Amino acid sequence: MTEAAALTLPAVAHDFPAAVLLVDTDAGAVVFVNDLARQLAPGLELPADLEAWSREAQLQVVSGGPLGDSSTPLASIVAGDPSTGRQVSAALQSGASTAREALWAIGMPLHEAPEPLRARSLLVLLPLRFPEAIADDQAAAAASRAHRSVLSSGLAIAISDPTADDDHLVWVSRSFEQLTGHTSAEVLGRNCRFLQGPDTDPDAVARVREGLAADRTVSVTLLNYRHDGSAFYNHLVVSAVFDAAGRLSHRVAVLSDVTGQVLAAHERDAARAEADRARRAEVAAEDARRFGRLLLSLSEALTATTTVEQVAAAITDVVATELGAAGGGLLLADTHRQHLDFVTLEEMPPGTDAAWSRIGWDADAPVAVAVRSRQPVYYPDRDALLAAHPTITDQADVPVMGASANLPLVAGGEVAGAVFLYWDRSYVVLEHQQDVLAAVARYTAQAVQRAQLLTERRTAAEVLQRSLLTRLPEPDHLELRARYVPAAVDEHVGGDWYDAFVLPDGSTTVVIGDVAGHDLAAAARMGQLRGLLRAYAFDRAEPPSEVVARLDRAVTVLHPDTLATLVMARVEQTEADRQAGLRRVRWTNAGHLPPIILHADGSTEVLTTVPELLVGLQPAAARSDHDHVLLPGSTFLLFTDGVVEHRGRSIDDGLTDLRGVLSRHATASLQDLLHQVVAELVGSSPDDDCAVLAVRAHPEDRPRPTEAGPNRLA
């Protein structure tokens with residue numbers, strides 16, 4: 001989410017210059033403004049009272065009332081509250097427009113800037129093309145403290161001193177450091193041209209210099225380079241800031257990473273060009289209209305694909321059908337460019353030899369020629385194909401077909417594979433149809449590349465997640481079983497985990513937890529918490545509440561952005577319990593779902609306790625221990641919210657359903673019981689990752705059950 005959200009604000013505002021003000025926070029007065037800010041309130045002389053400036057500019061909240069009468073007047077925004085900024089509107093006083101203009105107001109105190117800026121705050125007012133485009137991100141920012149700066153994080157601010165030699169930088173925001181990879185210590189005192197590189201457009205640089213020389217506001221997109229050498233497209237807005245006497249005092253630069261928008265625009269332009277050609281063909285003939293529908297249908301079908309199998313199915317369902325072909329398929333190149341493999345042969349001509357599932361890169365075959373030459377290869381019928389490739393009959397029986405088309409897939413300068421189409425009759429692919437098929441190949445190449453990248457990320461993420469899951473111990477007369485099911489969306493990884501280990505005193509410790517997030521970062525934080533919790537548990541003999549309290553204190557200092565819920569429990573047995581044939585579970589709950597006891601008779605019991613805080617919120621939070629007798633034949637069950645919470649089903653309903661599954665399968669083995677829980681409540685494609693861990697107590701006067709495995713700790 002972070003990556004996509006950081007691009008949202010520049011997408012809304014980056015084509016427009018910004019109004020920039022410097023505010024003396026002690027006096028509550030506007031002391032410096034750029035030209036656009038002066039146009040918003042032309043009737044005031046500087047310095048001017050901040051709220052008076054707000055009234056003169058007729059700033060209003062979205063609902064239409066004056067900003068000064070709202071809960072967050074301009075003084076609050078200038079102070080950085082809210083940190084995400086606020087949407088307002090202003091009545092432009094210049095002749096440029098008579099309508100109110102939607103603006104996004106961001107305040108940034110300059111506490112770390114040199115004098116005299118240190119006692120100032122920067123106020124940036126960005127015109128918005130589409131005010132509604134920020135609504136979802138604004139709601140998300142309000143709902144999650146972890147993303148409280150989501151709207152402002154896409155902007156970096158830098159201030160330079162044009163009165164000094166070389167107009168060097170005197171202050172940069174933390175977001176500037178994050179965007180460029182340069183620390184403030186490295187850049188202060190230097191001109192901002194260090195961001196330029198070998199491929200930076202000199203014409204764009206010249207426009208910047210001309211604007212600065214004329215003290216105009218400059219708005220331009222140019223290629224810049226980060227500290228590590230990586231390139232990004234930077235939309236730059238530089239404003240000249242004048243004092244009350246009209247003297248140029250500073251320059252304020254607003255930078256935003258618009259790489260995603262620039263690349264998307266390139267792809268959009270290419271798609272529009274293809275659509276234009278399709279529209280011209282549509283006017284010419286009904287055949288061309290069918291091809292236009294083909295491109296639209298294929299684009300929609302490929303947009304929804306996430307695997308190469310789905311891409312192959314889209315080719316068959318859309319392209320072959322719309323072109324009147326009998327079938328087709330998708331071939332993928334191996335890493336070393338030695339062969340091409342069909343994703344599936346199901347849509348090939350009936351009776352096709354299995355040898356055609358793999359075609360050598362250097363083979364005398366149409367599709368191999370297409371990928372080597374990077375040019376499409378067409379044959380109007382089978383005779384033409386055999387005439388061009390006389391050796392092909394030596395490899396295997398040639399499929400029975402008419403015309404054929406072989407389209408190389410080139411993405412990122414590399415050949416990813418090919419699309420193969422065949423007809424059951426003779427057919428000549430006309431020139432304008434070849435243009436459409438060229439577009440088909442480009443669309444398919446991009447979809448294949450995206451699907452392969454997604455598969456690699458999902459595979460790597462799931463391997464990481466599973467490598468962090470514990471191999472369960474096998475203590476005497478206790479059976480432990482667990483299941484982890486990754487989410488079927490995003491990166492197939494998240495912060496859910498379980499753990500179990502035997503302590504030196506012989507007690508068995510079990511943990512279930514959920515770190516906030518559904519990505520690799522959440523999995524990494526989960527691994528850190530898991531390691532800390534294990535170390536603290538082994539470090540000294542303490543009840544679970546003390547162990548979790550120590551973890552809470554460490555997390556607050558070492559990983560301040562981490563939030564997690566968890567239940568930590570110990571299965572213990574005092575001498576009196578041993579003589580009575582009983583065990584006791586002692587646990588603490590840090591904001592997690594309550595454990596459930598499944599009794600031998602099939603009844604269930606939810607171990608509800610007074611709610612306590614999540615880990616990572618308050619290092620001094622009170623932690624409590626609870627205990628419950630674990631009778632022989634009973635099962636202690638821990639689980640994450642992915643087991644019981646789904647779209648259209650509340651947690652309470654989910655707990656009821658879970659208890660029902662446990663009761664219905666109470667006599668099943670522990671392994672089969674967890675299988676039923678996952679099958680009935682989670683399924684094979686869950687929206688959220690989930691984990692479940694169960695401990696079953698077996699009678700000590702009976703042999704250890706076979707399904708529980710050998711007793712490796714006896």
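Fair warning: this is a prediction, and the values are worked out from it, not measured in the lab. Residue indices begin at 1 and follow the sequence shown.
In this structure, T574 and R584 have side chains that are not in contact, with every pair of non-hydrogen atoms separated by 4.5 Å or more. With contacts defined as side-chain heavy-atom distances shorter than 4.5 Å, the pair E572/D627 does not qualify. In this structure, the side chains of L637 and T604 stay at 4.5 Å or more apart for every pair of heavy atoms. Using a 4.5 Å heavy-atom threshold, the side chains of S545 and E612 count as separate. The shortest side-chain heavy-atom distance between Y498 and T640 does not fall under the 4.5 Å cut-off. Between D689 and Y484, the closest side-chain pair of non-hydrogen atoms falls below 4.5 Å. E575 is listed as a side-chain neighbour of Q579, based on a closest heavy-atom distance under 4.5 Å. Looking at E542 and R550, their side chains come closer than 4.5 Å, going by heavy atoms from C-beta outward.
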Practice task
Decide yes or no on side-chain contact (heavy atoms from CB on, under 4.5 Å) for V548 and Y536, but give the supporting numbers first.
Solution key: CA-CA 8 Å; V548 174; Y536 289 153; over 6 Å; no
Practice task
Could you give me the CA-CA distance, side-chain angles and deciding distance for R583 and H477, then say whether side-chain contact (heavy atoms from CB on, under 4.5 Å) is met?
Solution key: CA-CA 10 Å; R583 285 180 173 80; H477 293 96; 3.4 Å; yes
Exercise for the section: Take L607 and H626 through the test side-chain contact (heavy atoms from CB on, under 4.5 Å) and record every step on the way to the result. Expected result: CA-CA 9 Å; L607 301 182; H626 317 277; over 6 Å; no
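Between the side chain of H592 and the backbone N or O of F639 there is at least one donor-acceptor pair closer than 3.5 Å. Checking side-chain atoms of R525 against main-chain N and O of A564 turns up no donor-acceptor pair under 3.5 Å.
Side-chain contact, E680 with H665: a donor N or O sits under 3.5 Å from an acceptor N or O. Donor-acceptor pairing under 3.5 Å is lacking for the side chains of R623 and T588. With no hydrogens or angles considered, a side-chain donor-acceptor pair links D257 and T259 at under 3.5 Å. Side-chain contact, T565 with D514: no donor N or O sits under 3.5 Å from an acceptor N or O.
One distance of note links CG of L529 with CG of L566; it measures 7.5 Å at 0.5 Å rounding. Atom CD1 of residue I651 and atom CG of residue L658 lie 12.0 Å apart, to the nearest 0.5 angstrom. Going from atom CD of E474 over to atom CD of E479 covers 9.0 Å, rounded to the nearest 0.5 Å. Between the OG1 atom in T667 and the CG atom in D672 there is a gap of 10.0 Å [rounded to 0.5 Å]. One distance of note links CZ of F636 with CD1 of I596; it measures 10.5 Å at 0.5 Å rounding. Separation of atoms CG (L617) and OG1 (T562) is listed at 11.5 Å; rounding is to 0.5 Å.
Contact between A666 and R696 at its shortest, heavy atoms only, is O-NH2, 3.9 Å. Contact detail for L593 and D641: the closest heavy-atom pair is CD1-CA, 3.5 Å. Listed here is the closest heavy atom pair of L472 and A500: CD2-CB, 3.8 Å. Between G616 and D552, the shortest heavy-atom distance links the atoms N-OD1, 2.8 Å. Residues V678 and V485 share a closest heavy-atom pair of CG1-CG2, 3.7 Å. The minimum heavy-atom distance linking F538 with V502 is given by the pair CZ-O, 3.6 Å.
Around NE2 of H599, the count of heavy atoms belonging to other residues, nucleotides or ligands within 6.0 Å exceeds 12. In this structure, R534 places its CZ atom where more than 12 heavy-atom neighbours from other residues, nucleotides or ligands lie under 6.0 Å away.
With respect to L631, the side-chain contact (heavy atoms from CB on, under 4.5 Å) criterion is satisfied by exactly one of I597, L582, D601: L582.
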